[in-house]
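The structure under discussion appears below in the form of structure tokens.
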2 protein chains.
Amino acid sequence: MTYKDKEITGCNSCHIKFFGFDMLNEDELKAFKHSHCKVEYQKGETIIKEGTRCSNIICIKQGYAKLYIKGLENKNIIIKLLKQGDFIVSPGLFTDNLNHFSVSAITQMDTCLISIDAFTNAYRNNNRFAEQILKLNHQITNDLYSQLINFSHKKMPGRVANTIIYLAENIYQSRKFHTTLSRQDMADLSSVSKESLIRVLKDFKEDGILSINGNQIEINSFKTLQNISHVG
Amino acid sequence: MTYKDKEITGCNSCHIKFFGFDMLNEDELKAFKHSHCKVEYQKGETIIKEGTRCSNIICIKQGYAKLYIKGLENKNIIIKLLKQGDFIVSPGLFTDNLNHFSVSAITQMDTCLISIDAFTNAYRNNNRFAEQILKLNHQITNDLYSQLINFSHKKMPGRVANTIIYLAENIYQSRKFHTTLSRQDMADLSSVSKESLIRVLKDFKEDGILSINGNQIEINSFKTLQNISHVG
DNA sequence: ACTAATAATTGATAAATGTCAACACAAAAC
DNA sequence: GTTTTGTGTTGACATTTATCAATTATTAGT
């Protein structure tokens, strides 16, 4: 094994770290590499469509995507955003083999698709890898619990504050960021109507908590925002 | 191995089937049996308390429990009910080792507690078992997605209809059932206030969709209920 | 059986939030 | 450069829903 090979953590010699992939052995990595497809997506393109058969694990090398489910009356709920280093295992795996959510690009994206078979084999034969995957799943479950609390107990300002904090802390990793999300997207992330989202954002701006200029957002008072989010 | 041993699927010679436990080999079953504690709970008792360390897998041999998370302002969200044959793996496993939800008995219960260590070992060494556990986790994730749609897009009648259908189909397995859930519990399951739940139930009763007598509920028009649930 | 405590119910009210319509603005197409 | 199309914004309004207070059942304790 050359030094270069050691740095590979899954797909096509890219040097992005994917959680748990460091547990894979040489053969498994080879299988991953062998099955992989390098695919580029443009902003707005659908990567996974809810209801289709799931055949790949999607690894994100570059760019941002939204993961969302279809709700009622053509409304969507954005479960989360995905960025470099994230990978998506459809919860259809080992159940009905269908995708239970859609994923679409919100920026230009570089991805690496790994076949479900290679992934399944690694999961079955490598218990340290399997442990990481379960760990990941448990985190997803915990996140969904928080989401349930957000959506059922918090009022609009709390939910929107939550979304802004999520974008700053988890996604853009800066309190000043430019987003490619539309207002509708941010509304779908907060479970409010587009109009309500805009109004809450306006309130935050008038209160000096945020500076907003189109899609450029800056958090001026993180503490206040956090407080609004916690109290609901 | 005697014939009797063959029928054991996990805890203390009880003949309850637990999903995935049939994948366990003799040694693993022995380890499960060795670590197990047979515990009886009374209605109202707390089995798992959110925030505590998770040290057991809880297998339900008899009775019903509610699994819930603490939300804001002392309000709870009941994620689901548990019954005979269900077992609970805390999503703290492999992450922070803490319980992220509480579980309490809503009837007298017989349970069997298996140590996390025995479970973890089986998960690590038995890939067929691990596969079933991931499968279970994926189902949990999918259920939470549905829950999110229920809570964010459906209005009260839709959410309550959903709860009644859930109780009839998944829990009591009959369109006529007696529940030990309080009105507050049913409200927490539907993400509405107790008063609102009562009003919606009253409407359903007046419309002839349900017959209600205290905690005795009968679904008269399943189709209507289903329709209310789907439309939201 | 009587009292206390808890749970269920009802009505009135206020708060939260979605919907609709109109309009502004920006990007894309011609 | 003008039209078209999509997105963002605002205001008025109706609906949904929680909250509060009061009342009635029900259950548990003595």
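In what follows, chains are A, B, ... by sequence order, proteins preceding strands, each numbered from 1. As the structure is a computational prediction, the values presented were derived from the model and not from experiment.
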Review point. Using a cut-off of less than 4.0 Å, is there contact between a side-chain N or O of B:Ser196 and OP1 or OP2 of D:dA18?
Key: yes
Exercise for review: Report yes or no: do A:Asn99 and A:Thr52 form a side-chain donor-acceptor pair below 3.5 Å?
Suggested key: yes
Practice item. May I have the distance from A:Gln216 (atom CD) to D:dG8 (atom C1'), rounded to whole angstrom? Key: 17 Å
Revision key, fill the gap. Against the side chain of B:Glu195, the closest entry in C:dG18, C:dT10, C:dA8 is C:dT10
Check your understanding: Does A:Lys202 make a side-chain N or O approach to OP1 or OP2 of D:dT9 shorter than 4.0 Å?
Key -> no
Exercise for review: Could you tell me whether the side chain of A:Arg159 and the main chain of A:Ser190 form a donor-acceptor pair under 3.5 Å?
Suggested key: yes
Check your understanding: Taking the inter-plane angle between the rings of A:Tyr172 and A:Phe177 on a 0 to 90° scale, is it parallel (under 30°), tilted (30 to 60°) or perpendicular (over 60°)?
Key -> parallel
Point to revise | Proximal nucleotide (of D:dT19, C:dT9, D:dT9) relative to the B:Glu73 side chain | key: D:dT19
Practice item. Please report, rounded to the nearest Å, how far the P atom of D:dT7 is from the CG atom of A:Leu181. Key: 13 Å
**Study point:** Any residue of residues 149-159 of chain A with a heavy atom less than 4.0 Å from an atom of DNA chain C
**Key:** A:Lys155, A:Met156, A:Arg159
Review point. Roughly how many Å is it from CG in B:Leu197 to P in D:dT19, rounded to a whole number?
Key: 14 Å
Review point. To the nearest Å, how far apart are B:Lys43 NZ and D:dA28 C1'?
Key: 13 Å
Exercise for review: Could you tell me whether the phosphate oxygens of C:dT10, OP1 or OP2, come under 4.0 Å of any side-chain nitrogen or oxygen in B:Arg199?
Suggested key: no
Check your understanding: Roughly, in whole Å, what's the span from NZ in A:Lys194 to C1' in D:dT9?
Key -> 9 Å
Practice item. Identify which nucleotide among D:dT9, C:dA8, C:dT19 has an atom closest to any side-chain atom of B:Arg183, counting heavy atoms from C-beta outward. Key: C:dA8
**Study point:** Residues, nucleotides or ligands: over 12 heavy atoms within 6.0 Å of A:Lys83 NZ
**Key:** yes
Revision key, fill the gap. From the list A:Ile228, A:Asn150, A:Ile149, side-chain contact (heavy atoms from CB on, under 4.5 Å) partner of A:Asn162 resolves to A:Asn150
Review point. Can a salt bridge be assigned to the pair B:Lys80 and B:Asp143 using a cut-off of 4.0 Å between side-chain N and carboxylate O?
Key: no
